[in-house]
Amino acid sequence: SDDDSASSDEKWWSRRRSKQLLKEKKAEEEQQQQLARRNTWGGSKPGKMPNIERDREFFYQVLMKDYFAERPTYPLKYFRRRFRMRRELFLRIQGDLLATRGNIFMQKRDALGKLGFSPEQKITSALRILAYGSSADRNDEYIRMGESTSLAYLRHFCEAVIETYGSFYLRKPTADDLKLILSLHSSKGFPGRLGSLDVMHWEWKNCPTAWAGQYKSGELVCVLLFF
C-alpha cells in the first residue's frame, strides 16, 4: 500500500542519514587525532606567526660551492679547521649515516613539494655546534636552519654516530690494546702509564688587576691553564 511504501522510504532515508552522520563524526575524530600528533613547534595554527622563508635551497648551493665543489671557494685547509676533520672523513661519515639512518639524513620534499635540507646541511649544522660550542640559533644565518631543527638534527647525529661507530671506537680497550698503549708509553720513557692529561701554562700579560688574585698561585704573573 501507499502507507507501507512511505514508511519504507522514511526508514531508508533515516538509515542513510545515520550513516552519513557517523561518517562525518569519524572524519572529524581523525582530523582531531592528526592535529594532536603534529609537532608542537610546527604547522599552521590560528594566531601562530607564519614560517620564515629562509631560501634554504639557495644557501645549500652556497655551502656546496664554499666547501664541497671540485674547486671550492675555501681551500681544504679551511675545511679541516672549520669542520675539525678532513673533507674525505666528512663524506665517509655522511655515507655511513645515509646507509644506517637514511630516512633521517636524506633530502626529502615537504608537503608543498619544496626540497628540504640536504645531508650536507644537516651534518654541517651538527658539526658546527659540536666544533665551536655555538648556540643552535647561530646556524640560522649561514645554513638557514631554525633553532629547533638544528637541535633535532644534533640529537639525531649524535645518536647515529654512537649507533654506527660505537661498537668499534667507543668500546673498552682489550688486553691487546692495553699492551700496545703501555709499550708506546714505555718507549717514550713513561712505563706503566695508560694515559695523560696535557696542561699548558700561558702567561696572561693583560690580566685585569681585579682578577689578578684568581689567576696567581705561587706565580709572580697571572697564568691561564689550557687542557
Side-chain angles (χ1 to χ4, degrees), residues 42 51-110 112-174 176-177 180-181 184-185 188 195-200 202 226-227:
N51 293 332
I52 299 174
E53 180 52 57
R54 289 181 166 85
D55 200 6
R56 56 176 174 257
E57 294 181 33
F58 170 76
F59 282 89
Y60 163 68
Q61 298 296 334
V62 173
L63 175 65
M64 297 301 291
K65 184 177 182 298
D66 285 347
Y67 296 105
F68 296 96
E70 185 176 352
R71 299 182 63 183
T73 303
Y74 298 101
L76 293 179
K77 66 177 183 179
Y78 284 86
F79 190 102
R80 175 67 180 82
R81 186 174 70 191
R82 293 173 180 173
F83 287 80
R84 301 295 194 268
M85 65 178 66
R86 294 176 291 106
R87 189 171 68 179
E88 292 79 6
L89 178 58
F90 180 101
L91 296 176
R92 175 192 167 191
I93 293 174
Q94 176 180 303
D96 291 342
L97 297 189
L98 286 173
T100 56
R101 294 202 175 189
N103 60 321
I104 294 176
F105 290 97
M106 67 182 298
Q107 191 174 32
K108 303 176 184 178
R109 293 187 180 272
D110 60 16
L112 299 177
K114 297 178 62 176
L115 282 173
F117 291 107
S118 68
E120 291 82 4
Q121 287 173 301
K122 296 173 182 179
I123 298 176
T124 298
S125 171
L127 288 177
R128 287 297 174 90
I129 296 175
L130 294 173
Y132 290 98
S134 59
S135 64
D137 184 60
R138 190 174 182 180
N139 287 333
D140 200 356
E141 294 181 337
Y142 180 61
I143 306 175
R144 285 303 196 266
M145 185 179 290
E147 180 180 9
S148 59
T149 307
S150 293
L151 292 174
Y153 283 117
L154 173 63
R155 184 178 68 255
H156 289 314
F157 177 81
C158 294
E159 291 174 352
V161 167
I162 293 172
E163 177 185 336
T164 305
Y165 304 109
S167 60
F168 184 81
Y169 292 103
L170 301 180
R171 61 177 172 81
K172 294 182 179 180
T174 64
D176 292 336
D177 293 332
L180 177 60
I181 294 171
L184 290 174
H185 286 164
K188 296 179 180 180
S196 63
L197 180 63
D198 296 326
V199 181
M200 179 174 62
W202 195 292
F226 294 91
F227 296 89

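Positions are given from 1 along the sequence.
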Revision key, fill the gap. From the list H156, K122, E159, side-chain contact (heavy atoms from CB on, under 4.5 Å) with I104 holds only for H156
Give, for atom [atom1] of [X] and atom [atom2] of [Y], the distance between the pair rounded to the nearest 0.5 Å.
{"X": "C158", "Y": "I162", "atom1": "SG", "atom2": "CD1", "value": "6.5 Å"}
{"X": "N103", "Y": "K108", "atom1": "CG", "atom2": "NZ", "value": "5.5 Å"}
{"X": "E120", "Y": "M64", "atom1": "CD", "atom2": "CE", "value": "4.5 Å"}
{"X": "L127", "Y": "F157", "atom1": "CG", "atom2": "CZ", "value": "4.5 Å"}
{"X": "Q121", "Y": "N139", "atom1": "CD", "atom2": "CG", "value": "10.5 Å"}
{"X": "R80", "Y": "M85", "atom1": "CZ", "atom2": "CE", "value": "8.5 Å"}

A side-chain contact here means heavy atoms from C-beta on lying under 4.5 Å apart; do [X] and [Y] qualify?
{"X": "L91", "Y": "F68", "answer": "yes"}
{"X": "F105", "Y": "Q94", "answer": "no"}
{"X": "Y165", "Y": "L170", "answer": "no"}
{"X": "L130", "Y": "R84", "answer": "no"}
{"X": "L98", "Y": "M106", "answer": "yes"}

Point to revise | T124/Y142 under side-chain contact (heavy atoms from CB on, under 4.5 Å): CA gap, chis, key distance, verdict | key: CA-CA 10 Å; T124 298; Y142 180 61; 5.5 Å; no
Within the supplied structure, the quantity of interest is the number of heavy atoms (other residues, nucleotides, ligands) at a distance under 6.0 Å from [X] [atom1]; does it exceed 12?
{"X": "R101", "atom1": "CZ", "value": "yes"}
{"X": "K77", "atom1": "NZ", "value": "no"}
{"X": "E141", "atom1": "CD", "value": "no"}

Nearest heavy atoms of [X] and [Y], plus distance in Å:
{"X": "A136", "Y": "S150", "result": "O-OG, 3.7 Å"}
{"X": "A160", "Y": "L97", "result": "CB-CD2, 3.6 Å"}
{"X": "L115", "Y": "E57", "result": "N-OE2, 3.5 Å"}

Practice item. I would like to know whether R82 and D66 meet salt bridge (Lys or Arg N to Asp or Glu O under 4.0 Å); could you show each step before the answer? Key: CA-CA 12 Å; R82 293 173 180 173; D66 285 347; over 6 Å; no
Review point. Within 45 degrees of the axis of the six-membered ring of Y60 and under 6.0 Å from its centre: does R144 put its NZ or CZ there?
Key: no
Point to revise | Donor + acceptor pair across side chains of D96, T164 (<3.5 Å) | key: no
**Study point:** R171 side chain vs F168 backbone, donor-acceptor pair below 3.5 Å
**Key:** yes
Practice item. Under the side-chain contact (heavy atoms from CB on, under 4.5 Å) rule, collect the residues that match up with Q61, sequence neighbours excluded. Key: none
Point to revise | Contacts of P72 that satisfy side-chain contact (heavy atoms from CB on, under 4.5 Å) - sequence neighbours left out | key: R87
Review point. What orientation do F83 and F90 show, parallel under 30°, tilted 30 to 60°, or perpendicular over 60°?
Key: perpendicular
Check your understanding: Should the ring pair Y74 and Y67 be called parallel, tilted or perpendicular, given that the plane angle runs from 0 to 90° and is split at 30 and 60?
Key -> parallel
Review point. What do the steps show when you test I143 against L63 for side-chain contact (heavy atoms from CB on, under 4.5 Å), and what is the final call?
Key: CA-CA 8 Å; I143 306 175; L63 175 65; 5.5 Å; no
